[in-house]
Amino acid sequence: MTGAKALWATLANHGIHTVFGYPGGAIMPVYDALTFYPEMRHILARHEQGAIHAAEGWAKASGEIGVCLATSGPGATNLVTGLADAMLDSVPLLAITGNVASHLMGTDAFQEADITGITMPVTKHNYVVRDVAELPGVIAEAIRIARSGRPGPVLVDIPKDVQLAAYSGPIPAPHARPEMPAPNPDAVAAARDLLRGAQKPVMMVGGGSVDAAAELTALARAWDIPVITTLMGLGSFPASDPLWLGMPGMHGSVAANRAISEADVLLAVGLRFDDRVTGRVNGFAPHAKVIHVDLDAAEIGKIVRAHVPVRGDAAVVARALLDGAQPQARPVWKAQLEVWKARTALPETYGAGYGVKAVVDRLRPDDILSSDVGQHQMLAAQLARFERPRRWVNSGGLGTMGFGFPAAIGAALAEPGVRSVVIAGDGGFQMTLQELATLKMYDIRNVKICIINNSFLGMVRQWQELFHGKRYSEVWLGDSNPDFVKLAGAYRVPAYRATSAEDLPGAIDAWLNDPDSALLEVVVPHEHGVFPMVPAGAALNEMIETEPPRAPAARVTEEASQA
C-alpha cells in the first residue's frame, strides 16, 4: 500500500465517500490510487474554487465534513478563498493538497507554494506530512479537528514522494468526538435569574445553533421569549412561529432591530456579534443585559460585553435554561412587537425583490435554498421562510461572490432526493458558471438556478447611489453580460426567462417542473435597493426603513454606460 492508497482507505474508514477536486501533477499519485477505490465518488469540478464551495455546500446542508482535493501551487492557492469562507462560517472541511517532492520544497520548484504558510490564518489547523508513516494518522486527526468543538477547515499538504512511499501500518478508526465542556452552573443560574426578571427579553440565535434548533425552540416557547435569527441562524427557529421577529442587522427586519434596541435582556446563542449584525457597537442593545452563550470562549465578550458569559454547547445550555422556565405575560412588550412586525413591507412592484419573493414562495419545506452574495442574498434572507435548519446555504462571514452555484451542487449531492435551489446575481454567477459542466457530467438533476439579472453589481451600485453621489463606478454589466439562456443551452442545461410580472409565474412553473436541473433568468429593472438598511457606522435604531424616492429609472442605463 502506498501513502496515496492509505489516504483513500482512511477516508473510507471515516465514512467519507464523496470528495470534490481537480487533479494536477503534484497530486497525481492520489488520483491514480483513486482508481483502486470504486466506492469513492469523486466530483470533478471545473475550478478548484468550485470544488471547495461544493464541499462547503455539502457540509452546510448535511452537517457532515466536506472534503476537497487540489494539486500544488495554483491548485492549492485556488482553495484559499473557500478556506477563509469556511473559517468564518465554522464549516467542517478537509482540504487535501499535493505538493512537490520533499527534497524540492523551498527551492521555488515548478508549481510550488508554501500553502501551509499561506493558509495558516484561514484554517483551524494545517499540516505538512513529511513521513508516510504519519499520513493516515494525520488524516484522522485532521477530520477530528475539523468536526470537533467549533467546526472549521483543516488543510493537509502531502509532498509527492510521501504519496508514493510504501505504507505498512494500520488504517486508523475514527476518533471519538471529545465531550463538550459543561456550562458553569452558576452562569446558568445567573442567566435564568435575568430571564425571570426581564420585561423586554429577546433571544438572538446564530449559526452556532443550527444543531440545537429543537432545544432552542422549546426554550423560547417555554419562556415565551421573542426570537431573532441571524443570517447564519435562519431556520434554527421556525419562521411560522408568532415569536419569530426575523433577521437582525444591516438588512434586518424592523421588528428585529427595534426589539434589540429596546430590549432589557438579550439572550445571544451561538453567534459572534458580527459588525453586520450589531451596526455601531456602542449603539447596540444599549439597555440590555447580555447573556452570551457560545462554545468558543474567544468569542464571548470579544465585540459586545457579556454580563453573563456562558460557555457551552447550545443544546446543553438550552436544556439547562429550560429547567425552571417561568413565562411572563408582558402584554405591553408583545403589543409593541406586533406594531413593529406590521412595518414589514413586501415587494409589490416588479423588480429584484418581487422576483425573489415569487421564487421563495414556491419553496417546499425540505428544499435547500442557496444564495450567492449581494442584493439577492439579502432579499432571499428577508423573504424566505425557513421552518428547520440546514435549508439555507450562504456565504455569511466572507461574503464570497461565486459561492452560491457550486454550493448548491454540493448540497444537491448531499441530499439527492431534495430540490436544491440557488438564487444568484448576474455578476456573481459569472464567477463560477463553468460548474454548469459539472451538472451535466454527473447528471445532477435536482439543482434549480435562478439568476436575478439587473445588469449591475447591485449591492455596490446601491451603496454608490446612497453614499457616493450616484457615481456608478465600474458596476455596469448590461452591455457585456451574456445571454444566460443561450449560455445554459451551450452546456445543454434547460433554461427559461422572465422579463415582466406577467410572464414570471409561467416561467417559474416551467423551470420548477422541468425534470432536469434548469436555469431561470429573471430580468428586472436596473435600479433596486434592499431595505430596510442600516448605513455603515450607524446604530440599529438609525435604520432606513423604506427605499428613498429616486429619479425615473430610464436614465440609469445611459448614466451607467457613460460611467
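If you read the sequence from its start, that first residue is 1, and numbering goes on from there.
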What I want to find out is whether [X] reaches [Y] closely enough, with some N-O distance under 4.0 Å, to be called a salt bridge.
X: D483; Y: R497; answer: yes
X: R272; Y: D274; answer: yes
X: K334; Y: E338; answer: no
X: R391; Y: E415; answer: yes
X: D367; Y: R362; answer: no

Sidechain-backbone polar pair: [X] side chain, [Y] backbone, donor-acceptor under 3.5 Å:
X: N454; Y: V524; result: no
X: K357; Y: P347; result: no
X: R390; Y: D211; result: no
X: N453; Y: D426; result: no

Are any non-hydrogen side-chain atoms of [X] and [Y] less than 4.5 angstrom apart?
X: P153; Y: E56; value: no
X: L504; Y: Y354; value: yes
X: D514; Y: K448; value: yes
X: F405; Y: I449; value: yes

With rounding to the nearest 0.5 Å, note down the distance linking [atom1] in [X] to [atom2] in [Y].
X: H251; Y: M533; atom1: NE2; atom2: CE; result: 5.0 Å
X: L94; Y: T123; atom1: CG; atom2: OG1; result: 11.5 Å
X: W244; Y: E387; atom1: CH2; atom2: CD; result: 9.0 Å
X: W8; Y: Y31; atom1: CH2; atom2: OH; result: 6.5 Å
X: Y472; Y: L457; atom1: OH; atom2: CG; result: 13.0 Å
X: F429; Y: I423; atom1: CZ; atom2: CD1; result: 13.5 Å

Take E527 and K470 through the salt bridge (charged side-chain N to carboxylate O under 4.0 Å, His left out) test and state the conclusion after the steps.
CA-CA 11 Å; E527 282 192 327; K470 296 187 178 181; 5.5 Å; no
Aromatic plane relationship, F456 with W476 - under 30° parallel, 30 to 60° tilted, over 60° perpendicular:
perpendicular
Aromatic rings F386 and W392: how do their planes relate, parallel, tilted or perpendicular, breaks at 30° and 60°?
tilted
If we ignore angles and hydrogens, is there a donor and acceptor under 3.5 Å between the side chains of N394 and S371?
no
Among I228, L231, T230, which one satisfies side chain to side chain contact (heavy atoms under 4.5 Å, CB included) with M247?
L231
